[in-house]
*Asks:* 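Just dropping this structure here.
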Amino acid sequence: MKGGKELKEEVQDKGFCTLCGLCVGRCPYIKSLEDKIAVVFPCGIEEGKCYAACPRTFTDWDAVEAQVLGSVEGRDPLIGRYAQVWMARGTNSELTRGSQDGGTVTSLINTAIADGMIEGAVLTSSDDGLTPKAILATKADEVGKAAGSKYMAATSLQVLHEARRAGMEKLGIVGRPCQVMGVRKYQAVVPEECDRDKTLVIGLFCMWALSFGFRDYVRQEAGGRQVTGVAIPKGELQIKTTDGTISKSVEEAKQFARTACNLCWDVTSELADISVGAAEFAEGWNTLIVRSERGWNLLAKALNSGVLEIRDYPPAMLEELRMASLGKKRRVVAELQRVQSEGTSMVDLNSPRFQAVIEGEVN
Ligand SMILES: Cc1cc2nc3c(=O)[nH]c(=O)nc-3n(C[C@H](O)[C@H](O)[C@H](O)COP(=O)(O)OP(=O)(O)OC[C@H]3O[C@@H](n4cnc5c(N)ncnc54)[C@H](O)[C@@H]3O)c2cc1C
């Protein structure tokens with residue numbers, strides 16, 4: 001087994017780190033500052049949990065998926081195992097003010113806290129509408145303040161350890177696909193620290209996250225105006241300020257995409273209990289993928305309490321989502337093959353899920 005020394009050499013020094021934050025906060029020798037994580041002392045522990053749970057060390061996708069969603073029948077090779085896909089949006093504008101799209105995530109987390117399903121949630125808030133800040137939210141106002149996407153990668157999972165130290169067992173986690181994978185690997189490695197039966201995982205869709213250089217760019221574009229948020233609807237970058245919205249091409253944002261994201265196979269958080277993204281064809285709505293029994297239970301509670309509404313998902317739009325995922329998976333397998341040829345094996349490229357994309361057998 002390997003530990004912090006190998007995590008530094010094999011992940012961080014090579015620029016593969018996703019900034020999930022899982023290793024930060026658990027280990028006193030791993031520190032983060034904005035979009036950098038450093039192993040400040042190679043501790044020499046041979047069986048480091050940091051290494052074992054890192055989403056960028058070798059990952060047996062089939063095994064993790066079987067552990068988490070093994071009972072869910074039917075697997076879509078492009079968006080993972082799921083029970084149902086809907087359009088969804090929050091109905092309580094008090095709760096969802098500041099939400100990115102339909103406020104589905106904020107409504108679901110509030111439902112889970114109000115119901116006692118979770119005691120708190122690991123979220124990504126911000127003090128300036130731009131810079132991500134990991135928080136442990138236990139109340140609706142904290143959940144509401146965290147609403148809205150911070151497109152820069154945030155080390156939010158460090159708060160997971162804070163919650164555990166505070167004695168919290170029933171926890172909600174909202175994260176990018178890499179963070180969802182980190183949590184799932186962690187649950188397998190140290191089940192006593194993050195019980196799968198007591199943790200609710202809501203995964204976001206994500207094509208890429210941005211480096212902190214994006215913040216400087218946005219501030220420059222905003223001039224003296226105060227930035228209240230950023231949105232990236234189809235092909236457009238919108239910088240929202242107290243003086244109106246500045247519109248730019250999405251290509252401006254893309255130049256800050258983290259290279260580590262080129263290795264992320266997962267667009268829709270395939271291992272979450274519930275996955276949520278934008279419904280780009282219907283403003284103010286989300287795409288909601290319910291995967292696990294825990295996800296079903298939460299959705300039922302949110303619908304019963306009236307804070308969420310759902311609609312049938314148009315089949316043509318589902319196909320569009322699947323094709324977007326296929327496009328990313330194609331680019332990513334090429335990148336995974338490249339790093340493997342240079343000595344880093346992150347997944348088993350011979351397994352059917354990867355082979356199907358390599359051979360062009362999925363559609
Ligand atoms: C980096 C990034 C890239 C994304 N890319 C896509 C995409 O390509 N396609 C797509 O359909 N959707 C994408 N999303 C998801 C989308 O922006 C919305 O988060 C999603 O549609 C949920 O909307 P909502 O109104 O329900 O969320 P809200 O109710 O506004 O809640 C948003 C939640 O996201 C969490 N959050 C915010 N920033 C971060 C962050 N940096 N890391 C982890 N959690 C965060 C907050 O804790 C909050 O709970 C992306 C999100 C992020 C953060």
Side-chain angles (χ1 to χ4, degrees), residues 86-152 154 156-157 159-160 163 170-177 179-180 183 199-206 209 228-233 238 240 268-269 272-280 282-291 294-311:
W86 274 292
M87 292 170 68
R89 70 176 173 190
T91 56
N92 183 338
S93 57
E94 283 289 301
L95 293 179
T96 59
R97 197 183 315 128
S99 278
Q100 192 68 27
D101 296 307
T104 298
V105 172
T106 295
S107 304
L108 289 172
I109 289 292
N110 272 319
T111 301
I113 292 177
D115 178 78
M117 192 174 179
I118 58 173
E119 295 157 270
V122 174
L123 302 179
T124 305
S125 190
S126 177
D127 289 332
D128 62 3
L130 197 55
T131 313
K133 179 181 169 190
I135 62 154
L136 179 61
T138 56
K139 302 186 198 82
D141 60 332
E142 293 164 338
V143 179
K145 189 162 182 275
S149 300
K150 279 58 89 181
Y151 286 98
M152 292 179 288
S156 346
L157 293 188
V159 174
L160 188 83
K170 297 185 289 177
L171 204 59
I173 299 171
V174 177
R176 294 170 281 130
Q179 294 179 305
V180 172
V183 170
T199 311
L200 167 75
V201 180
I202 298 182
L204 304 174
F205 293 6
C206 182
T228 54
V230 169
I232 309 188
Q238 295 176 346
K240 299 181 178 177
T268 59
S269 287
D273 292 305
I274 285 191
S275 302
V276 186
E280 291 188 338
E283 201 185 333
W285 285 83
N286 288 109
T287 300
L288 171 74
I289 304 181
V290 181
R291 302 185 186 277
R294 185 175 310 279
W296 269 118
N297 287 342
L298 176 60
L299 176 63
K301 286 173 201 250
L303 293 174
N304 283 341
S305 68
V307 298
L308 199 74
E309 62 176 312
I310 54 174
R311 280 190 192 165

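Just so it is clear, the values below take in all heavy atoms, side chains as well, and ignore hydrogens, waters and symmetry mates.
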*Asks:* For Trp285 and Arg311: C-alpha separation, side-chain torsions, deciding distance, then whether side chain to side chain contact (heavy atoms under 4.5 Å, CB included) applies.
*Replies:* CA-CA 10 Å; Trp285 285 83; Arg311 280 190 192 165; 3.4 Å; yes
*Asks:* Counting N and O atoms only, with roles assigned by atom type, does the side chain of Glu283 sit under 3.5 Å from a partner on the main chain of Pro233, one being a donor and the other an acceptor?
*Replies:*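 No, the answer is negative, given that no donor and acceptor are paired below the 3.5 Å cut-off.
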*Asks:* Between the main-chain N or O of Ser149 and the side-chain N or O of Gln100, is there a donor-acceptor pair closer than 3.5 Å?
*Replies:*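 Pair found, side chain donor or acceptor close to backbone of Ser149.
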*Asks:* Could you check if a side-chain atom of Leu130 sits within less than 4.5 angstrom of a side-chain atom of Val230, using non-hydrogen atoms only?
*Replies:*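 With C-beta onward as the side chain, the pair touches.
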*Asks:* Please determine whether side chain to side chain contact (heavy atoms under 4.5 Å, CB included) holds for the pair Ile310 and Leu303, giving the CA-CA distance in whole Å, both sets of side-chain angles, and the decisive distance to 0.1 Å.
*Replies:* CA-CA 8 Å; Ile310 54 174; Leu303 293 174; 3.8 Å; yes
*Asks:* Kindly give the heavy-atom pair with the smallest separation between Gly102 and Thr96, and that separation in Å.
*Replies:*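 Heavy-atom minimum between the residues: O-CG2, 4.5 Å.
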*Asks:* Does any pair with a residue in residues 129-139 pass side chain to side chain donor-acceptor pair (under 3.5 Å), and if so which ones, sequence neighbours excluded?
*Replies:*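 Matches after skipping sequence neighbours: Asp127-Lys133, Asp128-Thr131, Thr131-Arg215, Thr138-Glu142.
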*Asks:* Could you give me the CA-CA distance, side-chain angles and deciding distance for Ile173 and Ile202, then say whether side chain to side chain contact (heavy atoms under 4.5 Å, CB included) is met?
*Replies:* CA-CA 6 Å; Ile173 299 171; Ile202 298 182; over 6 Å; no
*Asks:* So do Trp296 and Ile274 actually touch side chain to side chain, heavy atoms under 4.5 Å?
*Replies:*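 They are not in side-chain contact.
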*Asks:* Tell me whether Asp273 contacts the main-chain N or O of Val201 through its side chain, where contact means a donor paired with an acceptor under 3.5 Å.
*Replies:*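 Pair found, side chain donor or acceptor close to backbone of Val201.
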*Asks:* Using 0.5 Å steps for rounding, measure from the CD1 atom of Ile135 to the OG atom of Ser126.
*Replies:*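 Nearest 0.5 Å value for the CD1-OG distance: 10.5 Å.
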*Asks:* Check whether Ser99 reaches the backbone of Ala147 with its side chain - one donor and one acceptor, N or O, closer than 3.5 Å.
*Replies:*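 Checking the backbone N and O of Ala147 against the side chain of Ser99, no donor-acceptor pair under 3.5 Å is found.
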*Asks:* Is there side-chain contact between Phe205 and Thr287, with at least one heavy-atom pair below 4.5 Å?
*Replies:*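 In short, these two side chains touch, coming nearer than 4.5 Å.
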*Asks:* Quick one: does Thr91's side chain have a donor or acceptor within less than 3.5 Å of a partner on Gly306's backbone?
*Replies:*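 Yes, Thr91 side chain to Gly306 backbone: donor-acceptor pair under 3.5 Å.
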*Asks:* Identify, with sequence neighbours excluded, every residue that meets side-chain contact (heavy atoms from CB on, under 4.5 Å) alongside Asn110.
*Replies:*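 Residues passing side-chain contact (heavy atoms from CB on, under 4.5 Å) with Asn110: Leu95, Thr106, Ala140, Val143.
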*Asks:* How many angstroms lie between CG in Leu308 and OG in Ser107, if you round to the nearest 0.5 Å?
*Replies:*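 The distance works out to 5.5 Å.
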*Asks:* Mark yes or no for whether Lys150, through its side chain, and Gly148, through its backbone, hold a donor-acceptor pair below 3.5 Å.
*Replies:*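 The answer is yes, because a donor-acceptor pair under 3.5 Å joins these two groups.
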*Asks:* Which side-chain N or O atoms in residues 112-124 pair as donor and acceptor under 3.5 Å with protein atoms at least two apart or in another chain?
*Replies:*
residue : atom : partner : partner atom : Å
Asp115  : OD2  : Lys301  : NZ           : 3.1
Glu119  : OE1  : Glu169  : N            : 2.9
Glu119  : OE1  : Lys170  : N            : 2.7
Thr124  : OG1  : Ser156  : OG           : 2.8

*Asks:* Tell me yes or no: between the side chains of Arg176 and Ser269, is some donor less than 3.5 Å from an acceptor?
*Replies:*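 No pair is found: no donor N or O on one side chain lies under 3.5 Å from an acceptor on the other.
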*Asks:* Quick one: does Asn92's side chain have a donor or acceptor within less than 3.5 Å of a partner on Val307's backbone?
*Replies:*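 Side chain of Asn92 to backbone of Val307, a donor-acceptor pair under 3.5 Å: no, none is there.
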*Asks:* Any chance you could lay out the side chain to side chain contact (heavy atoms under 4.5 Å, CB included) test for Leu288 and Leu299, step after step, and finish with the verdict?
*Replies:* CA-CA 10 Å; Leu288 171 74; Leu299 176 63; 3.8 Å; yes
*Asks:* Please check if the side chain of Asn286 supplies one atom and the backbone of Thr104 the other of a donor-acceptor pair under 3.5 Å.
*Replies:*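 Yes; judged by distance alone, with no hydrogens or angles, the pair exists.
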*Asks:* Report the distance from atom CG of Leu200 to atom CG of Leu108, rounding to the nearest 0.5 Å.
*Replies:*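 It comes to 8.0 Å.
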